[in-house]
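Here the structure is laid out as structure tokens; the discussion comes afterwards.
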Amino acid sequence: QVQLVESGGGLVQAGGSLRLSCAASGRTFISYTMGWFRQAPGKEREFVSAISWSGGVTYYADSVKGRFTISRDNAKNTINLQMNSLKPEDTAVYYCAAGSTRRLTSLKNEYDYWGQGTQVTVSS
């Protein structure tokens with residue numbers, strides 16, 4: 001089993017930056033593909049970014065490409081999401097997810113474990 005806990009959310013002005021972290025624990029963390037999703041009120045949960053188990057391959061949604069950077073530190077059992085040039089439309093609850101497929105995927109149904117979420121609010 002994998003347990004995930006997000007942190008680092010908050011309130012920032014448009015154009016600002018935040019760095020989200022996800023602390024993971026469990027027997028299979030090292031072999032999991034990890035990702036970030038987000039969900040705004042009244043909307044479906046959407047893919048943000050994913051990273052392979054080795055950290056060598058990353059994948060980004062078009063909406064965040066060039067602004068967000070995902071990273072993984074297996075020694076510390078964490079993944080991070082550096083968010084720069086934030087826009088009001090980035091406002092959402094951000095969720096960390098772990099998938100046992102061991103490949104990059106943007107499909108939320110292919111992720112097996114989810115954190116509780118952390119709120120990101122970007123003011124205009």
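Here the structure is a predicted model, which is why all the values come from computation and not from measurement.
- Atom-to-atom distance recorded for Arg38:CZ and Thr118:OG1 is 14.0 Å, nearest 0.5 angstrom.
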Apply side-chain contact (heavy atoms from CB on, under 4.5 Å) to residues Arg45 and Trp114 and explain how you reach the verdict.
CA-CA 12 Å; Arg45 191 169 299 184; Trp114 298 83; 3.3 Å; yes
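- In the hydrophobic clustering of ILVMFWY residues, with side-chain heavy atoms under 4.5 Å counting as a link, Val57 and Tyr111 come out together.
- Between the CD1 atom in Ile70 and the CE atom in Met83 there is a gap of 12.0 Å [rounded to 0.5 Å].
- Of the N and O atoms on the side chains of Ser123 and Gln13, not one donor lies less than 3.5 Å from an acceptor on the other residue.
- Contact record, Ser21 with Asn80: OG-OD1, 2.8 Å, taken as the closest heavy-atom pair.
- When hydrophobic clusters are built by joining Ile, Leu, Val, Met, Phe, Trp and Tyr residues whose side-chain heavy atoms come closer than 4.5 Å, directly or via intermediates, Tyr94 is grouped together with Leu4.
- In this structure, Phe47 CZ and Lys108 NZ are separated by 12.0 Å, a value rounded to the nearest 0.5 Å.
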Lys65 and Asp62: salt bridge (charged side-chain N to carboxylate O under 4.0 Å, His left out), yes or no, with the steps?
CA-CA 5 Å; Lys65 193 175 302 179; Asp62 288 342; 3.0 Å; yes
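- For Ser49 (side chain) and Tyr60 (main-chain N/O), no donor-acceptor pair under 3.5 Å exists by modelled atom type.
- Within the model, atoms CG of Leu81 and SG of Cys96 stand 9.5 Å from one another, a figure rounded to the nearest 0.5 Å.
- Tyr59 and Ile79 are not part of a single hydrophobic cluster, where members link through side-chain heavy atoms under 4.5 Å apart.
- Aromatic ring pairs are classed by plane angle as parallel below 30°, tilted from 30° to 60° and perpendicular above 60°; the pair Tyr32 and Tyr113 is tilted.
- Within a 6.0 Å radius of CD in Gln116, more than 12 heavy atoms belonging to other residues, nucleotides or ligands are found.
- The shortest heavy-atom contact between Ala98 and Met34 is CB-SD, 3.5 Å.
- Between atom CG of residue Asn77 and atom CZ of residue Arg72 there is a gap of 9.0 Å, rounded to the nearest 0.5 Å.
- Val48 places a side-chain heavy atom less than 4.5 Å from the side chain of Phe68.
- Counting all heavy atoms, side chain and backbone alike, Arg19 lies closest to Ser71 at NH2-OG, 4.0 Å.
- Put simply, the side chain of Val93 does not reach to within 4.5 Å of the side chain of Val120, judged on heavy atoms.
- Looking at heavy atoms from C-beta onward, Trp36 lies out of side-chain contact with Ile51 at the 4.5 angstrom threshold.
- The two atoms that bring Pro88 and Ser124 nearest to each other are CG-CB, 3.8 Å, heavy atoms only.
- Nearest approach of Gly115 to Tyr95, heavy atoms of both residues: O-CD2, 3.5 Å.
- Leu104 CG to Ser52 OG: the interatomic distance, rounded to the nearest 0.5 Å, is 6.0 Å.
- Between Ser100 and Asp112, the shortest heavy-atom distance links the atoms OG-OD2, 2.7 Å.
- Using modelled atom types and a 3.5 Å distance limit, the side chains of Thr105 and Glu110 yield a donor-acceptor pair.
- With no hydrogens or angles considered, no side-chain donor-acceptor pair links Asp73 and Thr78 at under 3.5 Å.
- Looking at Leu18 and Leu86, their side chains come closer than 4.5 Å, going by heavy atoms from C-beta outward.
- For the residue pair Gln82 and Asn84, a side-chain donor N or O sits within less than 3.5 Å of a side-chain acceptor on the partner.
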